[in-house]
Structures are given as C-alpha cells and as structure tokens.
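Remarks on the structure that follows.
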2 protein chains.
Amino acid sequence: MSRPGPRERLLQAASDLTYEQGVHVGVDAILKEADVARRSLYQHFGGKDGLIAETLRGAGVEARYRQVMDDAGDDPRERVLAVFDELDKITTRPSFHGCRYTAAELALTDPAHPAHAEVRAYKDRLHRLFEDELRRHRHPAPGFGADQILVLVDGVLAHAVTRPDAHPARAARALAEVVLDQPR
Amino acid sequence: MSRPGPRERLLQAASDLTYEQGVHVGVDAILKEADVARRSLYQHFGGKDGLIAETLRGAGVEARYRQVMDDAGDDPRERVLAVFDELDKITTRPSFHGCRYTAAELALTDPAHPAHAEVRAYKDRLHRLFEDELRRHRHPAPGFGADQILVLVDGVLAHAVTRPDAHPARAARALAEVVLDQPR
DNA sequence: GGCGGCGTATACCGATCGTTCTATCTACCG
DNA sequence: CGGTAGATAGAACGATCGGTATACGCCGCC
C-alpha cells in the first residue's frame, strides 16, 4: 500500500507534465509534482535528458493500441478500424494535446538527444504492429500498407491539435478502409 | 540595392531560426542573426510572442503550395498529386525539420499565445485550397475530401521527421489518388 | 537648422534554466 | 547495535531567458 519509489514517481510526473506542457517543463516542476528530492533525479537518470528519454520508452502508448485492437476482436480489419474509432474519441477530448512522441521529436532540436532514438523505436514498433495485422489480413504489401496506416495515424494526431472539430479520425478511417480493402 | 529594414530582417531571421531550432530559440540569437538592435524588436512586434505570430502569418508556405499546383497545370487531379510529389522531395532533404505550424502549435503550451490563431488560420486556408480543387474536380464531398487531404499532408510532414526513409509522401500519394477518384 | 523619429549599442533587471553541492535523515542488513 | 546505501531538504552555481532602460548617431522634414 506504500507509494511507489522515487524513480517511478519521477517517471509518472514527467510523463504527465511533459504531455501537458511539453518537454520544456522545468525540472523544478517535475520534482515538485513527483515529490522527490532533486538529487534522486540525477541519481536515477543522470539528468533531465535521461528522464525524458526514459519517460518516452516507458510511456506504454503502444500497449494501449494493442488493448484497443484486442477489444475489437480477432478480425484484422475490425482491429485496425477500431484504432481510428478510438482516435476520434481521444482527439476530441479537452485533455488531448497531440502525440507526445511527435511533440518531443519536434521540440528537441539537438540531434544527439537520447529521446530521438526512443521516438524512432516507438514508431518502428507501431509499424510492425500494423504490418502484422495487414499480413494476417492477406494484404498484398503489408509494409507499404503499414506506412499508409502510420501516415494516417500521425496525420490525425497532428491535425486534430489545430482542427479537432474537423474530426480527422473519421476522414482517416475512410482511407484506412481503402488500405484494408486492397485486392489480395 | 540597400538591405531590407529591421522589420523584414527580423522576420527573415525569426523564420529561419524558429524553423531550424524551434520557437524556443532565444531572442538574442534572432537579434544577432538579423543584425538588429534589441529595441527594434519590441518597437515593431511588441515582444517575442508578436514576432513569432507575425512570422507564421507571413511565412508564405501556402503560396508555395499554390506554386507547385500551378506548375502542374490545370487538371485538379494532377495539381493535388503534384503536392505529394513535392512533399516527397521536401521531406527527404536534410534541411527538413517538419511542419513549422504543427511544431509551433505543439511547442506553445499557453492557449492564449497569438501564434495559435495563425496556425488555425493557415490550416483553414489550406483546407479551402484543397476544397476548391476537389470542387473543380467534381468531388462528391469536397469538404470531407479536403479533410482527408489535410490529414495526409500533416501525416506526411509529421511522420517524415522520424522516418523519412519510409517515404510517407509516396504512401500518402496512393491514398490521395483514392480521394480524387471518388465516383462523382 | 534644429528637432523629432528611428535605429544602434550596451548595460541591466528579475526570473528561471539545468546542475552540483553539503548536510541530515531513514531504512535495511549483518 | 553499527554501518551503509538511498532518500530528503535546501543552498548555491553559472548561464540564459524575455524585457526594460539609458545614451548616442543618423536622417529627413517641417
């Protein structure tokens, strides 16, 4: 029943605050939110950069995609389309602030920042996720199809930040159906 | 033959630096790049926020879309597809750093920042641009179709930052063809 | 011909940035 | 019981942030 240790609290606080306010939140704000001593941050993560990178690695966004798919049953077509239905819900919530990975990628100018590798790894995992579904669906070109799905997903998340009322997820869903209905 | 005034130099420098390094570049860096006195910035734009907003308004990215379309001729189908061909070139250049409007939107947390209105206005103009093309093309639902094109464009620009080697513009182009080939 | 407006240059402000430091406290383990 | 590792609290570091103030030079225009 005891609360998690400093490391977990730091990751949680960093995850929340960087999503709400971007990766440029101050270390002080994160420390206060996590209720953790300054020293613990540098002990566990070496610095702010390390904490940011580790936060992205452990965000578990990919797991939520899997969950949505699993809730949609076994049919790959329904599983993929369910993602866009979910995106329509997410992107119209007031708490929606875009894709944390895309935001981090754009905000961190320094190409040497460890976060970039995490973003790349995340998107590669997502690509594999969709590619597997398309392969099960007997899509003629699962790799290319997965690229298309990823463009749609990233497009929805990017566009909805500025024009959520346009319901980009619905527009994208119709195109995702086209990807899924390729002659096999 | 004389160089442009401080205002124009500031806009140019801000445009360059904010694209390369994000909107969090320091005022000092902009002033140095523009070779302008500190005071001139606050005289002309009231502050950094005003300069950023004005930079977005005057970036003229929309004009480049029009140019690409005009170079592609009169057929709306070819004009729209030309945009994705151009995107494939742009996104694979080393100097590519994503969509400046999306980046600004994500980086600026404060909802009251004047830049948000500029981003919204820009994307609305883009929507109108594509909607007009689709209408000329006798698309059955030009508004919805334009939403789809915008999702594809934003998706390409967002995804290419992390995975340019996936050539998201090519993946998107195939879907844009679907949008354009709707039965009318 | 002097005067106001614009641009420049530089010093300075308080605030905040990420980081390092010292010092004290607490929990666990032999 | 003693000792060690980890956590806490908080001061302080130099650097940089956006913004303001002061002083000086240049130009055109009444």
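Protein chains get the first letters and strands the later ones, always in sequence-line order, with residue 1 at the start of each.
Closest contact between the side chain of B/Asp28 and the listed nucleotides C/dG7, D/dC17, D/dT8 involves D/dC17. Among the nucleotides C/dT19, D/dG18, C/dT8, the one closest to any side-chain atom of A/Tyr42 is C/dT19. Checking D/dA9, C/dG7, C/dT19 against every side-chain atom of B/His44, the shortest atom distance belongs to C/dG7.
Of the possible polar contacts, one joining the B/Gln148 side chain to the A/Ala171 backbone as a donor-acceptor pair under 3.5 Å is found. A/Arg79 places a side-chain N or O within 3.5 Å of a backbone atom of A/Gly73 that can act as its donor or acceptor partner.
Here A/Gly5 lies out of heavy-atom contact (under 4.0 Å) with every strand. No contact: B/Asp49 has no heavy atom under 4.0 Å from any strand.
Between the CG atom of A/Leu51 and the C1' atom of C/dC17 there is a distance of 16 Å, rounded to whole Å. Remark: P of D/dA7 and CZ of A/Arg3 are 12 Å apart, rounded to the nearest angstrom. Between the CZ atom of B/Arg39 and the P atom of D/dT22 there is a distance of 10 Å, given to the nearest Å. Atom-to-atom, NZ of A/Lys32 to P of C/dC17 comes out at 12 Å; the value is rounded to the nearest Å. Protein atom CZ of A/Phe45 is 16 Å distant from nucleotide atom P of C/dG18, rounded to whole Å. C/dC17 atom P lies 13 Å from atom CD1 of A/Ile52, rounded to whole Å. One interatomic measurement links the two molecules: CG of A/Leu41 to C1' of D/dG10, which rounds to 16 Å at whole-angstrom precision. Atom P of nucleotide C/dT10 and atom CG of B/Leu31 are separated by 13 Å, given to the nearest angstrom.
A salt bridge does not link A/Asp88 to A/Arg173: none of the charged nitrogens lies less than 4.0 Å from a carboxylate oxygen.
Proximity of A/Arg9 to the phosphate of D/dT8: a side-chain N or O atom is located under 4.0 Å from OP1 or OP2. Side-chain N/O atoms of B/His24 include none lying less than 4.0 angstrom from OP1 or OP2 on C/dC17. At C/dC6, none of the side-chain N or O atoms of B/Ser40 fall inside 4.0 Å of OP1 or OP2 (strictly under the cut-off).
Across the interface with DNA chain C, nearest-nucleotide mapping of A/Ala29 and A/Gly46 shows A/Ala29 to be the residue nearer the 5′ end. Mapping A/Lys48 and B/Asp35 onto DNA chain C by nearest heavy atom places B/Asp35 closer to the 5' end of the strand.
A donor-acceptor contact under 3.5 Å links the side chain of B/Arg38 to the base of D/dT20.
In this pair, A/Phe130 and A/Tyr65 present their aromatic rings perpendicular. The plane angle is above 60°, beyond the 30 to 60° band. Ring-plane geometry between B/Tyr101 and B/Tyr122 is classed as parallel, the angle between the planes falling under 30 degrees on a 0 to 90 degree scale with a further cut at 60.
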